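Not measured: the values here are computed from a predicted model. Every chain is numbered from 1, with letters handed out A, B, ... down the list of sequences.
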Number of protein chains: 2
Amino acid sequence: MKGRKGLLEILRDKGYRLTPQRMIVVEAIEASDDHISAEEIRDMARAKYPYINMSTVYRTLELLVEEGLVTETDLGGGRSLYHPTMKAQHHHLVCRKCAKVKDIDASVFQRLKGELKSQYGFDADLEHVGIFGTCEDCHD
Amino acid sequence: MKGRKGLLEILRDKGYRLTPQRMIVVEAIEASDDHISAEEIRDMARAKYPYINMSTVYRTLELLVEEGLVTETDLGGGRSLYHPTMKAQHHHLVCRKCAKVKDIDASVFQRLKGELKSQYGFDADLEHVGIFGTCEDCHD
DNA sequence: TTTCTTGCAAAGAGTTTGCATTCCA
DNA sequence: TGGAATGCAAACTCTTTGCAAGAAA
């Protein structure tokens with residue numbers, strides 16, 4: 001059962017207070033199989049809690065990212081998406097035409113990551129990447 | 001000499017008017033060896049022209065991107081950088097710590113692009129990609 | 001109690017848009 | 001001249017921040 005602590009327990013162990021707002025944000029992120037936006041978190045939160053302020057959502061996300069518990073990914077449009085770090089690695093193919101997002105396995109990137117490291121000494125954050133392009137359905 | 005038309009000529013041939021503002025924006029993009037931001041374009045423009053409005057800069061960039069003459073790249077922070085499409089392909093390694101940007105050759109991505117196409121039918125826009133991580137100098 | 005968190009409102013940054021005016025072709 | 005392009009100002013989106021009020025431990 002080790003390594004299976006929920007994000008909330010980890011936060012508490014680190015000395016952070018477990019407020020209802022934080023519990024709700026964490027729950028929303030853990031419940032989402034996929035990436036989730038700050039806005040979606042607020043909407044999910046509202047279902048369980050009359051109201052949660054966006055600054056609280058952002059502050060909680062900031063905390064989770066700082067603690068390395070959640071990954072922040074820029075999928076374009078100046079919008080960030082969040083994802084629990086411990087979940088299986090994957091990436092996203094974002095279609096510029098229909099805006100659909102398809103998840104793909106991380107293995108495709110392993111070689112690239114290795115090459116960037118050996119050739120440039122660059123330690124690439126490729127845990128959760130968005131790749132833009134045209135998907136199968138929208139191909140001309 | 002073919003395939004060596006400047007962006008301005010191409011625009012004119014397509015029926016767009018060659019205003020001073022457009023000439024200045026195009027000149028700034030062509031002069032920049034690297035990627036350039038909307039703000040940098042405005043600053044470069046001001047050196048030659050008393051004033052150019054940001055909406056004009058953005059509208060010109062939008063036009064150039066629509067026409068496929070310029071590439072728009074999201075290097076994070078909700079900021080876009082622009083680059084002439086015809087210039088040599090390259091990518092960027094962006095260090096999260098020192099914020100330095102290192103240009104790398106596009107060849108590293110060829111295999112990845114091929115795999116995304118064959119495995120997922122996804123036509124990835126990998127002309128000009130920003131990869132985040134930690135550079136050699138900042139490595140712990 | 002006491003310090004950490006929240007909510008509110010306002011401020012940001014970067015970008016987009018409506019509309020009247022200007023100007024290229 | 002006439003439609004395309006510009007400038008201006010206001011709006012817009014997403015996110016951050018200061019500060020007083022509230023609540024977890």
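- Rounded to an integer number of Å, the gap from CG of A:Leu8 to P of C:dT5 is 13 Å.
- Taking atom OH of residue A:Tyr58 and atom P of nucleotide D:dC14, one finds them 7 Å apart after rounding to whole Å.
- Remark: B:Tyr51 OH to B:Thr56 OG1 distance equals 8.5 Å, nearest 0.5 Å.
- For the pair A:Glu30 (side chain) and A:Leu7 (backbone), a donor-acceptor distance under 3.5 Å is present.
- Near DNA chain C, meaning a heavy atom under 4.0 Å away, there are no residues from residues 61-70 of chain A.
- With rounding to the nearest 0.5 angstrom, the NZ atom of A:Lys113 is 5.0 Å from the CG atom of A:Asp123.
- Between C:dT6 and A:Asn53, no contact under 4.0 Å exists linking OP1 or OP2 to a side-chain N or O.
- Atom-to-atom distance recorded for B:Leu116:CG and A:Ile104:CD1 is 5.0 Å, nearest 0.5 angstrom.
- Between B:Gln21 and C:dC23 there is no side-chain polar atom (N or O) within less than 4.0 angstrom of OP1 or OP2.
- Following rounding to the nearest Å, A:Ile24 (CD1) and C:dT6 (P) show an atom-to-atom distance of 11 Å.
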Report, as a single string ordered 5' to 3', how protein heavy atoms within less than 4.0 Å touch nucleotides 18-25 of chain D: B base, S sugar-phosphate only, - not at all.
B----BBS

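- Note: A:Ile29 CD1 to A:Leu61 CG = 5.0 Å, rounded to the nearest 0.5 Å.
- The interatomic distance linking B:Arg46 (CZ) with D:dG7 (C1') rounds to 13 Å, in whole Å.
- In this structure, OG in B:Ser37 is found 11.0 Å from CE in B:Met44, a value given to the nearest 0.5 Å.
- Rounded to whole Å, the distance from CZ on B:Arg42 to C1' on D:dG7 is 14 Å.
- Separating the CD1 atom of A:Ile52 from the P atom of C:dT5 is a distance of 14 Å, rounded to the nearest angstrom.
- Taken from NZ in B:Lys14 to CG in B:Leu63, the straight-line distance is 9.0 Å, to the nearest 0.5 Å.
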Kindly list each side-chain donor-acceptor pair under 3.5 angstrom involving residues 17-25 of chain B, sequence neighbours excluded, with atom names and distances?
from: B:Thr19; atom 1: OG1; to: B:Arg22; atom 2: N; distance (Å): 3.2
from: B:Arg22; atom 1: NH1; to: B:Arg17; atom 2: O; distance (Å): 2.9

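- A:Lys14 has its NZ atom 19 Å from the C1' atom of C:dT5, to the nearest Å.
- If B:Glu39 and A:Arg22 are placed on DNA chain C by their nearest nucleotide, the residue sitting closer to the 5' end is A:Arg22.
- In this structure, A:Thr85 contributes its side chain and A:Val70 its backbone to a donor-acceptor pair below 3.5 Å.
- If you take CE of B:Met54 and C1' of D:dA10, they are 16 Å apart, rounded to a whole angstrom.
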